[in-house]
Amino acid sequence: TVPEGFNIYQIAELVSQEGFAEEAVFIESATDAAFAREHGITAETFEGYLYPETYYFPKKVSTKAIVSSMVKRFRLVFKPEWKERSKQLGFSIHQVVTLASIIEKETGASFERPLISSVFHNRLKKKMRLESDPTVIYGLKNFDGNLNRKHLETLTPYNTYKIRALPPGPISNPGSGSLEAALYPAETEYIYFVSKKNNTHQFSTNFNDHNQAVRKYQLRR
């Protein structure tokens, strides 16, 4: 069973724990750009397209067969009307999956996903940086779990504190809830959110309100 929001490396660890293949072998298949193109994915890896679900395989299954099954499941979940909706938004499917992967990592509360999505859509329309911590973390090597200012100031293709657009690809493998939220954001004017440290967030439409929320939820002793 692959949980929503796992990335390729976490899935590789899970595959190894279940006794199907060594981590390195799975990662090799999941980051094979030529293999990805065979599946119609114009990216360097399968990140974002390994659909989180419960799968059943024989013990001697190949890692490529595992990857192919997960991508096949993604194709079934990503409905034709979602493809049409992507076009209406002016997004490629890859961009939708990328945005969904960020939404997946930003909240553990399913009801918040359309709100989180609205913040990112509003920021993209305003040409604002997304400023998403999970994207920064994904772009770091050997991250120790403690995100600091130096990390936020380190330029990588995934540092959305530095780039004014979506990162080049997904940072996790999103479930249907996050994919749908990316396509159908709530209609809000929110452009900020801050964690309440209880798996939910405080949303704001302006910087002053956001600063008050930061003081209330993040800086209190």
Do side-chain atoms of S178 reach the backbone of P174 as a donor and acceptor pair under 3.5 angstrom? no
Go through it in stages, so that I can follow the logic: the residues are Y190 and H121, the test is ring-ring contact (aromatic ring centres under 6.0 Å, His included), and I'd like the CA-CA distance, side-chain angles, deciding distance and then a yes or no. CA-CA 10 Å; Y190 295 141; H121 276 278; over 10 Å; no
Heavy-atom distance under 4.5 Å between the side chains of N148 and L152, does that happen here? no
Going by heavy atoms in the side chains, are L124 and F91 under 4.5 Å from each other? yes
Look up atom CG in N211 and atom CG in L219, then write down how far apart they are to the nearest 0.5 Å. 9.0 Å
Test side-chain contact (heavy atoms from CB on, under 4.5 Å) on K197 and Q218; report intermediate values, then the result. CA-CA 8 Å; K197 295 189 175 180; Q218 295 290 319; 3.5 Å; yes
Applying side-chain contact (heavy atoms from CB on, under 4.5 Å) to A165 and not counting sequence neighbours gives none
Less than 4.0 Å between a side-chain N and a carboxylate O, is that true for E4 and R113? yes
Counting distance only, does the side-chain N/O of T107 pair as donor-acceptor with the main-chain N or O of E112 below 3.5 Å? no
Is the shortest side-chain heavy-atom distance between L140 and L147 below 4.5 Å? yes
Go through the steps for F78 and I93 under the test side-chain contact (heavy atoms from CB on, under 4.5 Å), then give the verdict. CA-CA 9 Å; F78 205 94; I93 291 175; 4.0 Å; yes
Is it true that V119 and V136 fall in one hydrophobic cluster, defined by side-chain heavy atoms closer than 4.5 Å? no
Given 3.5 Å as the limit, does a donor-acceptor pair link the side chain of S68 with the main chain of A65, or not? no
Indicate yes or no: at least one non-hydrogen side-chain atom of M70 is less than 4.5 angstrom from one of I11. yes
Only counting residues at least two apart or in another chain, list the ones meeting side-chain contact (heavy atoms from CB on, under 4.5 Å) with E13. Q17, E23
Working to the nearest 0.5 angstrom, can you tell me the gap between E81 CD and K83 NZ? 10.5 Å
Would you say the side-chain atoms of S172 pair up with the backbone N or O of S101, donor to acceptor, closer than 3.5 Å? yes
Quick one: do K150 and E153 satisfy salt bridge (charged side-chain N to carboxylate O under 4.0 Å, His left out)? Show the steps, please. CA-CA 5 Å; K150 182 182 177 182; E153 293 173 352; over 6 Å; no
Honestly curious: do V25 and Y55 fall in one hydrophobic cluster under the side-chain, below-4.5 Å linking rule? no
Among residues at least two apart in sequence or on other chains, which ones pass ring-ring contact (aromatic ring centres under 6.0 Å, His included) with Y192? F207, H210
With rounding to the nearest 0.5 Å, note down the distance linking NZ in K216 to NZ in K196. 7.5 Å
Hey, does the Lys NZ or Arg CZ of K59 hover above the aromatic six-ring of F20, less than 6.0 Å from the centre and inside 45° of the axis? yes
Decide side-chain contact (heavy atoms from CB on, under 4.5 Å) for H201 and I116; before the verdict, give the C-alpha distance in whole Å, the side-chain angles of both, and the deciding distance to 0.1 Å. CA-CA 9 Å; H201 297 80; I116 297 284; 4.2 Å; yes
Could you state whether V77 and V2 fall into the same hydrophobic cluster, counting links through intermediate Ile, Leu, Val, Met, Phe, Trp or Tyr residues with side-chain heavy atoms under 4.5 angstrom apart? yes
Within a 6.0 Å radius of atom NZ on K79, are there more than 12 heavy atoms belonging to other residues, nucleotides or ligands? yes
Pairing residues for S62 by the side chain to side chain donor-acceptor pair (under 3.5 Å) criterion, not counting sequence neighbours: none
With hydrophobic residues grouped by side-chain heavy-atom distances under 4.5 Å, do L115 and I191 end up in a single group? no
Judged by atom type as modelled, is there a donor-acceptor pair below 3.5 Å linking the side chain of S16 to the main-chain atoms of A12? no
With a 4.5 Å heavy-atom cut-off, do E104 and L179 have their side chains touching? no
Given side-chain hydrogen bond (donor to acceptor under 3.5 Å, both in side chains), test T135 with T160 step by step and report yes or no. CA-CA 7 Å; T135 67; T160 53; 2.7 Å; yes
At what distance, to the nearest 0.5 angstrom, does CZ of R164 lie from NZ of K126? 13.5 Å
Any residue meeting side chain to side chain donor-acceptor pair (under 3.5 Å) with S117, in chain and number order, not counting sequence neighbours: none
Mark yes when over 12 heavy atoms from residues, nucleotides or ligands other than Q88 sit less than 6.0 Å from its CD; otherwise mark no. yes
Answer yes or no: is there a donor N or O on one side and an acceptor on the other, between the side chain of T156 and the main chain of Y158, under 3.5 Å? yes
Within the 4.5 Å heavy-atom criterion, are I163 and R129 side-chain neighbours or not? no
Is it true that atom CZ of F57 has more than 12 heavy atoms of other residues, nucleotides or ligands lying nearer than 6.0 Å? yes
Could you check whether any side-chain N or O of N122 sits under 3.5 Å from a backbone N or O of S118, counting only pairs where one atom can act as donor and the other as acceptor? yes
Would you give me the side-chain donor-acceptor pairs under 3.5 Å for residues 40-54, sequence neighbours excluded?
from	atom 1	to	atom 2	distance (Å)
T45	OG1	E47	N	3.1
E47	OE1	I8	N	2.9
E47	OE1	N173	ND2	2.9
E47	OE2	I8	N	3.4
E47	OE2	Y138	OH	2.6
Y49	OH	H94	ND1	2.7
Y51	OH	S176	N	3.2
E53	OE2	R73	NE	3.3
E53	OE2	R73	NH2	3.3
T54	OG1	T1	OG1	2.9

Is the distance from the ring center of F143 to that of H151 below 6.0 Å? yes
Is any side-chain heavy atom of P168 closer than 4.5 Å to a side-chain heavy atom of T98? no
Worked verdict on L89 versus L183 for side-chain contact (heavy atoms from CB on, under 4.5 Å): CA-CA 8 Å; L89 292 172; L183 290 162; 4.2 Å; yes
For the backbone of P134 and the side chain of E106, can you confirm whether one donor and one acceptor N or O come within less than 3.5 Å of each other? no
Rounded to the nearest 0.5 Å, what's the gap from CD on E180 to OG on S110? Could you check? 11.5 Å
Is the backbone of T154 close enough, under 3.5 Å, to the side chain of N159 for a donor and an acceptor to pair up by distance? yes
Is any side-chain heavy atom of F203 closer than 4.5 Å to a side-chain heavy atom of V194? no
Spacing of CG belonging to D32 relative to CD1 belonging to I27, to within rounding of 0.5 Å: 13.5 Å
